[in-house]
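First the proteins, then the strands, lettered A, B, ... as listed; each starts at 1.
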Number of protein chains: 2
Amino acid sequence: MDPLTDRQTEILRLIREMTEVSGFPPTRAEIARAMGFRSVNAAEQHLRALEKKGVLEILAGASRGLRVRDPRPALRLGKLMELPVVGRVAAGSPILAEAHVQGRYQLDPNLFTPRADYLLRVRGMSMRDAGILDGDLLAVHRTHEARTGQIVVARLADEVTVKRFRRRGHAVQLLPENADFEPIEVDLRQDSLAIEGIGVGVIRTGRSL
Amino acid sequence: MDPLTDRQTEILRLIREMTEVSGFPPTRAEIARAMGFRSVNAAEQHLRALEKKGVLEILAGASRGLRVRDPRPALRLGKLMELPVVGRVAAGSPILAEAHVQGRYQLDPNLFTPRADYLLRVRGMSMRDAGILDGDLLAVHRTHEARTGQIVVARLADEVTVKRFRRRGHAVQLLPENADFEPIEVDLRQDSLAIEGIGVGVIRTGRSL
DNA sequence: CTCCGTACTGTGTCTACATTCAGCAGTGAA
DNA sequence: TTCACTGCTGAATGTAGACACAGTACGGAG
């Protein structure tokens, strides 16, 4: 990686400091003001240079969309897993798209079997009687295979849903665990159904308790 | 300080999570999207409420100008907690007696608020409708104080039980969340009741799913 | 019954910000 | 001498985002 110039180092340090103090990264104008530039474009140019040298990430279109690439040692300390928390999944996009990741938690790998790959924040009460409430985190093991009786994360017509899986030949039922909701019937010969994973655990944090 | 509502707590946690992940606080629109609001103003109103309650700082005019007060010190520098899993508690002995410890799990400290001190393996279905099933692990924060509505770990006549707590003067009710079970009435003037802690979360591992 | 707080939808305005274009100057390499 | 790169000024443009106003609905306190 190209070494940074003195000026660039200064800018990078400034971004770090301002982020530390205010809680969020500075704007171009704020950088320019702090550095004494009379043109915001001076800041812009420096940011581009820092990005090209790989030490800064710029998120296009987002205000204050700066992220200092920290050569932080890999977070897979020891035998711990760091699981992403996936929130509302937009239609048509893959579940693990960065945009859906709301946070990350380190968990003990021994907690779930089989291994959990991510945590999905469950919306709605359709699985209430299975002890899965609105806002709960469902630990999901990524797989495309599911067996009858398992709790699955399924994608149906661009909607991601959590239900209990039952299969009989070509007929698949996605069963809610709440009498207020209707089972979903799927014919594999005509409807497209994608299994995104199976539920291997539940985590509920205080709020909904 | 006024206590936060469930929704407000959720928003606050979301802000923390999104800040953690992206490196900067979310915009009103991003909060609304993540929460499923169709109006950005819903987010705005929540932010105002959080500010009024003193847990959030809003910098007027600045995009993403949000700062969560009490930035939890919990940095992820390998500062993991190792929580003991407590099984059946024998009559008359302290909960955390070594004999009851069935195992230990490492967990992310950010997972529960307030801090979880141990995991209690729940027996029976008396809290079924609160989404706590037989075999679940209840994350417990050690305290002797409980407020109405909280889920408590209580010791009554040498029996440890998990119930929802309700207090009216000297009368305490320990309410099951399952119509098949009867509430327990306690008169603090004659009966001894020891609160061992409050439930701050639930973890369910595959088996009972 | 009214008032207040919570929890939203929906629309609109103004400006804070990102981003581009056009230049100028110095320095070191081919 | 031309080219590429650093390091700026200055102005312009489009939009991301803060924030105000107007409603609806519900539940609790006085």
Side-chain angles (χ1 to χ4, degrees), chain A residues 1-15 18-19 22-67 88 99 123-125 134-135 207-208, chain B residues 1-15 18-19 22-67 147-149 166 168:
Chain A
M1 188 204 302
D2 294 342
L4 302 186
T5 67
D6 288 355
R7 211 66 174 139
Q8 286 164 1
T9 309
E10 205 175 340
I11 300 266
L12 195 63
R13 207 205 48 235
L14 181 72
I15 295 173
M18 294 181 87
T19 306
S22 66
F24 38 84
T27 64
R28 272 71 165 166
E30 286 165 357
I31 294 173
R33 186 149 24 86
M35 293 292 293
F37 302 155
R38 303 173 65 184
S39 167
V40 293
N41 193 38
E44 177 75 22
Q45 299 296 333
H46 278 297
L47 295 181
R48 296 299 177 88
L50 288 169
E51 189 187 33
K52 204 156 63 178
K53 292 187 177 177
V55 294
L56 184 74
E57 227 174 315
I58 301 178
L59 285 87
S63 66
R64 304 177 190 275
L66 306 178
R67 205 182 298 163
R88 194 167 291 268
R123 290 293 159 196
M125 280 304 213
D134 185 63
R207 181 186 71 273
S208 45
Chain B
M1 186 206 307
D2 294 344
L4 301 186
T5 67
D6 288 356
R7 212 66 174 139
Q8 287 165 0
T9 308
E10 201 175 346
I11 300 266
L12 195 64
R13 205 209 48 239
L14 182 73
I15 295 173
M18 294 181 88
T19 306
S22 65
F24 38 84
T27 64
R28 272 68 164 169
E30 285 165 356
I31 294 173
R33 185 148 25 85
M35 294 292 294
F37 300 156
R38 301 211 280 171
S39 168
V40 292
N41 195 38
E44 175 76 22
Q45 299 295 339
H46 278 298
L47 295 182
R48 296 301 179 87
L50 288 169
E51 189 187 33
K52 204 156 63 178
K53 292 186 177 178
V55 295
L56 184 74
E57 226 173 316
I58 301 179
L59 286 86
S63 67
R64 303 177 190 274
L66 306 178
R67 204 181 300 162
R147 287 200 301 274
T148 290
R166 180 188 289 171
R168 282 173 182 162

S.K.: Heavy atoms under 4.0 Å, any strand shown: does Ala62(A) hit a base, just sugar-phosphate, or nothing?
M.R.: sugar-phosphate
S.K.: In whole angstrom, what separates Met35(B)'s CE from dC8(C)'s C1'?
M.R.: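 After rounding, the gap between these two atoms is 11 Å.
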S.K.: Let me know, please, whether Gln45(A) or Leu66(A) comes out on the 5' side of the other along DNA chain C by nearest nucleotide.
M.R.: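 In this pair, the answer is Leu66(A).
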S.K.: Side chain of Ser63(A), heavy atoms from C-beta onward: which of dA18(C), dG7(D), dT6(C) has the nearest atom to it?
M.R.: dA18(C)
S.K.: When you match Val40(B) and Thr5(B) each to their closest nucleotide on DNA chain C, which lands nearer the 5' end?
M.R.: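 Mapping each residue to its closest nucleotide by heavy atoms, the 5'-most match is Thr5(B).
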S.K.: Among the candidates dC8(C), dT6(D), dC19(D), find the nucleotide nearest to the side-chain atoms of Ala42(B).
M.R.: dC8(C)
S.K.: When you measure from the side chain of Arg64(B) to the backbone of Pro26(B), do you find a donor-acceptor pair of N or O atoms at a distance under 3.5 Å?
M.R.: no
S.K.: Is the phosphate of dT6(C), meaning OP1 or OP2, less than 4.0 Å from a side-chain N or O of Arg7(B)?
M.R.: no
S.K.: Grab the CD1-P distance between Ile58(B) and dC19(D) for me, whole Å please.
M.R.: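 Result: 7 Å.
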S.K.: Just to confirm, is there a sub-4.0 Å distance from OP1 or OP2 of dA18(D) to any side-chain nitrogen or oxygen of Arg28(B)?
M.R.: yes
S.K.: Would you say the side-chain atoms of Arg67(B) and Ser22(A) include a donor-acceptor pair closer than 3.5 Å?
M.R.: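 Absent: no donor and acceptor within the cut-off.
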S.K.: In whole Å, what is the span from the CZ atom of Phe24(B) to the C1' atom of dA16(D)?
M.R.: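 The answer, rounded to whole Å, is 13 Å.
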S.K.: Identify which nucleotide among dT6(D), dT20(C), dA20(D) has an atom closest to any side-chain atom of Arg48(B), counting heavy atoms from C-beta outward.
M.R.: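 Out of dT6(D), dT20(C), dA20(D), the nucleotide with an atom closest to Arg48(B)'s side chain is dA20(D).
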S.K.: Quick one: label Ala29(B) by what it contacts on the DNA or RNA (base, sugar-phosphate, nothing), any heavy atom closer than 4.0 Å.
M.R.: nothing
S.K.: Looking at every non-hydrogen atom in both residues, tell me the closest pair between Ala42(B) and Phe37(B) and how far apart they are.
M.R.: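 Looking at all heavy atoms of both residues, the shortest contact is CB-CD1, 3.4 Å.
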S.K.: Can you measure Lys53(A) atom NZ to dC5(D) atom P for me and round it to whole angstrom units?
M.R.: 11 Å
S.K.: Report yes if a side-chain nitrogen or oxygen of Lys52(B) is closer than 4.0 Å to either non-bridging phosphate oxygen (OP1 or OP2) of dC4(C); otherwise report no.
M.R.: no
S.K.: Give Ala49(B) one of three labels, base, sugar-phosphate or nothing, depending on what nucleic acid heavy atoms sit under 4.0 Å from its own.
M.R.: nothing
S.K.: Taking N and O atoms by type only, does the side chain of Ser39(B) place a donor or acceptor under 3.5 Å from a partner on the base of dG10(C)?
M.R.: yes
S.K.: Could you give the CD1-to-P distance, from Ile31(B) to dG17(D), as a whole number of Å?
M.R.: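 The answer, rounded to whole Å, is 12 Å.
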S.K.: Take the protein atom CG of Leu56(B) and the nucleotide atom P of dA18(D), then report the distance between them rounded to whole Å.
M.R.: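 My rounded result for the distance is 12 Å.
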S.K.: Could you check whether Glu57(B) pairs with Lys52(B) (Lys NZ or Arg NE/NH1/NH2 to Asp/Glu carboxylate O, under 4.0 Å)?
M.R.: no
S.K.: When you get a sec, tell me which of dT6(C), dG17(D), dT9(C) is the closest nucleotide to the side chain of Arg64(B)?
M.R.: dG17(D)
S.K.: Grab the CG-C1' distance between Leu47(A) and dC17(C) for me, whole Å please.
M.R.: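 Taking CG of Leu47(A) and C1' of dC17(C), I get 12 Å after rounding.
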S.K.: In whole Å, what is the span from the CG atom of Leu50(A) to the C1' atom of dA18(C)?
M.R.: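 Interatomic distance, CG of Leu50(A) to C1' of dA18(C): 16 Å.
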S.K.: Give the C-alpha distance, both sets of side-chain angles, the deciding distance and a yes or no for salt bridge (Lys or Arg N to Asp or Glu O under 4.0 Å) between Glu10(B) and Arg7(B).
M.R.: CA-CA 5 Å; Glu10(B) 201 175 346; Arg7(B) 212 66 174 139; 2.9 Å; yes
S.K.: Is Ser63(B) close to Thr27(B) at the side-chain level, that is, under 4.5 Å between some pair of heavy atoms?
M.R.: no
S.K.: Output the single nucleotide from dT6(D), dA18(C), dA22(C) whose closest atom is nearest the side chain of Asn41(A).
M.R.: dA22(C)
S.K.: Is His46(B) near enough to dC8(C) that one of its side-chain N or O atoms lies under 4.0 angstrom from OP1 or OP2?
M.R.: yes
S.K.: Whether Arg38(A) contacts dG10(D) is assessed here as follows: a side-chain N or O lying under 4.0 Å from the phosphate OP1 or OP2. Is that the case?
M.R.: yes
